[in-house]
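Working notes, beginning with the structure itself.
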Amino acid sequence: MLSRVADSIYWMSRYIERAENIARFVDVVNHLVLDLPDQEANQWSSLIQVTEGTELFEQRYGTASEENVIRFMTFDMDNPNSIYSCLWAARENARSVRDAISSEMWEQINRSYLMVKDAQVSNRVDEDAAAFFSHFKKACHLLSGITDITMTHGEGWHFGRMGRLIERADKTSRMVDVKYFVLLPRVDYVGSPYDNLQWAALLKSISAFEMYRKRFRQIVPKQVADFLILDRQFPRSMRYCLSKAEESLYAITGSQPSTFGNLVEQRLGRMRSEMDYADIDEILDDGLHEYLDEFQDKLNGVGDAVYQTFFALSSAPVADEAGGA
Amino acid sequence: MDFNNYNTEEFFDELFVSNGCARPGASILVKRIEELQDGDLVRRQRAAEAAMMNLGITFAVYGDEQGSEKIIPFDIIPRVIEPNDWQLLEAGLKQRITALNLFVDDIYNDQKILRDKIIPEDVILSASSYRKQCVGIKPPKGVWCHITGTDLIRDKDGRFYVLEDNLRCPSGVSYVLENRQLQKRTFPRVFEASRVRPVHDYASRLVQTLGRLAPDHITDPTIVVLTPGVYNSAYFEHSFLAQQMGVELVEGRDLVVRDGFVMMRTTRGFTQVDVIYRRIDDDFIDPLAFREDSALGIPGIMDVYRAGRVALANAPGTGIADDKVVYAYVPDMIKYYLDEEAILPNVPTYLCWRDEDRQYVLDHLSELVVKAANESGGYGMLIGPASTRQEQAEFADKIKASPRNYIAQPVVSLSRAPVIVDDHFEGRHVDLRPYVLYDDDIYVMPGGLTRVALRKGSLVVNSSQGGGSKDTWVIAESPDDAAGSMSQMQQ
């Protein structure tokens, strides 16, 4: 497969996943402020922290009002992490590999983009934000289903899945980080109905509420962290994402599991195996924020290695032809 | 909606012999349209447009802000071509392309036609599309123009004329295929009953034509489509064709010349490429051979091509036949190479470098269409009757300064076909671009792109200038040749 094509499929998937996560975040906060009117400003600004857009937001808008934040996170083309920017980038990538993905995938990406673009032009979101975000999330789910049933599960598909899972692991870690940081120090809330509500909101933002209930029933901060970081089977937990990303990586390279022949395999394998033997009490003792911070750094290292290993094939003559085609 | 008030006026109409009298091939269609309930036709038109937007069948608008894309307006009333008209066109195109291919081969090799003084040597050597880098090249099987899209027009009397030959990178075939898909959804029963000849196998034929260009010892050649990139206005077509053929779509940066071969960069290293369907102009394909400032091309690819280690379609250099002065000599070429009279006539053409022609052109600017010899897409053109005195004066200066670069033709009153305008039909001028593949023999796709000048009275059909398109129905003589017939299904 062409390096450029693999690169574009990988980023197309990452951008879609990013957009979907932003929609989840915005949607949940939107719900939350209805229950916690006095916490409103705080909630909205925590949302901007998740995507590390605080500086840009303050320059452009100042106050973290609902309207400003939704506009910034959804439609602002100057915010590289807005839904619109992500969809645009995903679509540009998809367009450059239209021949490599199925036409059904292209059509769905194009429809989703046009939907966001139309909403931006007509400003519909202000009137009915909940409907828009739920509609958009469904569009992303539909794409994910279409991708799985219309595209050959070969190299291209695995690059897409690896990108999607790396992005998802990153977003889950950021959500846990910001929420934990915002929520935990509020001792007066512990055990109050508010507390429950906030943690439930965190779980809902990653569609984890019901699945968490099945495993732990009571909402306890430590267990929520355990579930979102280390759960073996929940598809948005950080560990699950890494282990499935690793599966795709081995499908691409053809290497034996638990060995490594390149930098991505080494870095991703190391991260995944550390998580296999991690324990939530240890993580909390050493500091959750520090743990998540380090996780994000290492994950960026994996992303760099993906680029170096697969996409940056130099045109300069090389002695070793990397095994040919 | 009905055709009761539709007026063909003084033009040849593609669907009607005269007011109220449909041509045989169009009669089922016209009857069905008139049976539709009020608003149904417009609803079908909207549905087709929405489908095009969702499918991303769009072209980028140059110089417009980001995200600005347009669909080429598609009119759901097809254009119909009767079997006997098509037979003539097919024979005429085969003859013309055979001669043009011999001509290009001759120009870059023996130059017999110049030595025999059929075409003045000056005309060829001064053409901006003449590529001295191609002298001495012998492409596989002697074929230079593998893919052609000839522009044809029809005059008042219904006779077809060739307007342009387009031997470089003719575009638009993807619209033919997509229009057909939309059209089948729009009028499924009429389509079936009208015995329309199929176009769906174009991509299979194209990939077969390309595959045969590879050196004989390569049994499973790697074929790619080379595009200038996602911001090119024809990008949709490039990706569409690659997808339909199941081959890689590459950009210049994906390819590199290594050890005498063209290679593409893949996730597992470099892979050899054998055949390139290039949709980049000659000038940009190799910065070492042609334009140094090209960032789109592959340095050194011409050397690989000359050594016969990669095939290019179309071959570099074919643009010489697109020069509008050279065009004027095509009937002479047909006579010279094939000893036949041209089946499809040219539009009469005045060559401004001939003193008497130039004087005539300058005296009659307000009646003629003046064209720059090496422009396309409707640019660099003066339509006399629609021009101002100032525009005529500007063109007079240009012609005097550079007579070789201008030709002039009488205004042809192009044929018309009905289009939907709000709640009724109006006639609009159309042309026709059939696509031709040159393999072991010559295949003319039964259909083609019908472009429509959507502005009332306009003669310019180019999409960059407000043109739209229609599906083109070539009617089969016998039911076996039609799309959807049993013999087709079994193939």
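Lettering follows sequence order; numbering is per chain, from 1.
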Atom group of [X] that falls short of 4.5 Å from chain A, counting heavy atoms:
X	result
Met53(B)	both
Phe240(B)	neither
Val250(B)	both

Any chance [atom1] of [X] has more than 12 other-residue heavy atoms, nucleotides or ligands included, within less than 6.0 Å?
X	atom1	value
His141(A)	NE2	yes
Asp293(B)	CG	yes
Tyr61(A)	OH	yes
Gln59(A)	CD	yes

Answer with side chain, backbone, both or neither: which region of [X] has an atom nearer than 4.5 Å to a non-hydrogen atom of chain B?
X	answer
Val97(A)	backbone
Ser103(A)	both
Leu2(A)	both

_Ser3(A) versus Thr267(B), closest heavy-atom pair with distance_ = OG-N, 3.6 Å
_Heavy-atom closest pair, residues Asn110(A) and Leu55(B)_ = ND2-C, 4.1 Å
*Which one, Arg111(A), Glu92(A), Gln108(A), leads in non-hydrogen pairs under 4.5 Å with chain B?*
Arg111(A)
*For Arg4(A), which of Glu248(B), Met264(B), Glu251(B) qualifies under side-chain contact (heavy atoms from CB on, under 4.5 Å)?*
Glu251(B)
[X] [atom1] to [Y] [atom2] distance, which is reported to the nearest 0.5 Å:
X	Y	atom1	atom2	answer
Trp106(A)	Asn54(B)	CH2	CG	11.0 Å
Phe236(B)	Arg98(A)	CZ	CZ	5.5 Å
Gln243(B)	Ile101(A)	CD	CD1	8.0 Å
Asp99(A)	His238(B)	CG	NE2	12.0 Å

